[in-house]
Amino acid sequence: QLQLVESGGGSVQPGESLTLSCTGSGFRRGFDYYPIAWFRQAPGKEREGVSCIGASGGSPNYADSTKGRFTISRDNAKSTVYLQMNNLEPEDTAIYYCAASTYYYCSALDIKSHEYDYWGQGAQVIVST
């Protein structure tokens, strides 16, 4: 059974850092076949694409709101994708989801949720004083 599990969420103060992990299992084609993206959804807002990375670890892309503060990476040997989040702001408060795409590449233009067909359960990130 294919599964994505996020971990590393928590509550931090503005300016602090967190690293989220997304670990996959049960991928019939192998974890390194799938581009992976991070999305987030804040209360009362639509889901937003945050970052994505190609299947082999290349072509990382970021939403404008996270460029320069977030870094995505992956370790296919561990079937894990990471999202390093620095200088966190209250506006980053959301549930963060990772997702895998079977048919689409990591887009340089827009990270679209409908292009991703496998999703994790989410990890809560709270940035507050």
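Values in this document were obtained by computation on a predicted structure and should not be read as measured data. Side-chain atoms are counted along with the backbone in the values below, which use heavy atoms only and exclude waters and symmetry mates.
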Would you say the side chain of [Y] lies within less than 4.5 Å of the side chain of [X], judging by non-hydrogen atoms?
X: Ile111; Y: Tyr62; answer: no
X: Leu20; Y: Glu6; answer: no
X: Glu16; Y: Leu88; answer: no
X: Cys98; Y: Val81; answer: no

Which heavy-atom pair separates [X] from [Y] by the least distance, and what is that distance?
X: Tyr97; Y: Gln121; value: CE2-O, 3.6 Å
X: Asn87; Y: Ser17; value: N-OG, 4.1 Å
X: Thr80; Y: Ser21; value: CG2-CB, 4.1 Å
X: Ser56; Y: Arg74; value: C-CD, 4.4 Å
X: Ala100; Y: Asp117; value: O-OD1, 2.8 Å
X: Trp119; Y: Tyr116; value: NE1-O, 3.0 Å

A quick test of your reading: do over 12 heavy atoms of other residues, nucleotides or ligands sit less than 6.0 Å from NZ of Lys112?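 More than 12 heavy atoms, drawn from other residues, nucleotides or ligands, come within 6.0 Å of this atom.
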Give a yes-or-no answer on whether the side chains of Gln13 and Thr129 include a donor-acceptor pair shorter than 3.5 Å. no
Practice prompt. Tell me yes or no: between the side chains of Thr23 and Ser79, is some donor less than 3.5 Å from an acceptor?
Written response: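 Short answer, no.
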Task: Members besides Ile126 in its Ile/Leu/Val/Met/Phe/Trp/Tyr cluster (side-chain heavy atoms under 4.5 Å) - done: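 Noted: Ile126 shares its cluster with no other residue.
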Does [X] share a hydrophobic cluster with [Y], counting links as ILVMFWY side-chain heavy atoms below 4.5 Å and allowing steps through other members?
X: Phe70; Y: Leu18; result: yes
X: Ile53; Y: Met85; result: yes
X: Ile72; Y: Val125; result: yes

Residues 23-36 vs salt bridge (Lys or Arg N to Asp or Glu O under 4.0 Å), sequence neighbours excluded, gives none
Per-pair distances, 0.1 Å, donor-acceptor, side chain in residues 34-43, under 3.5 Å, sequence neighbours excluded:
residue	atom	partner	partner atom	Å
Arg40	NE	Glu48	OE1	2.8
Arg40	NH1	Asp92	OD1	2.8
Arg40	NH1	Tyr96	OH	2.9
Arg40	NH2	Glu48	OE1	3.4
Arg40	NH2	Ser65	OG	3.4
Gln41	NE2	Lys45	O	3.1

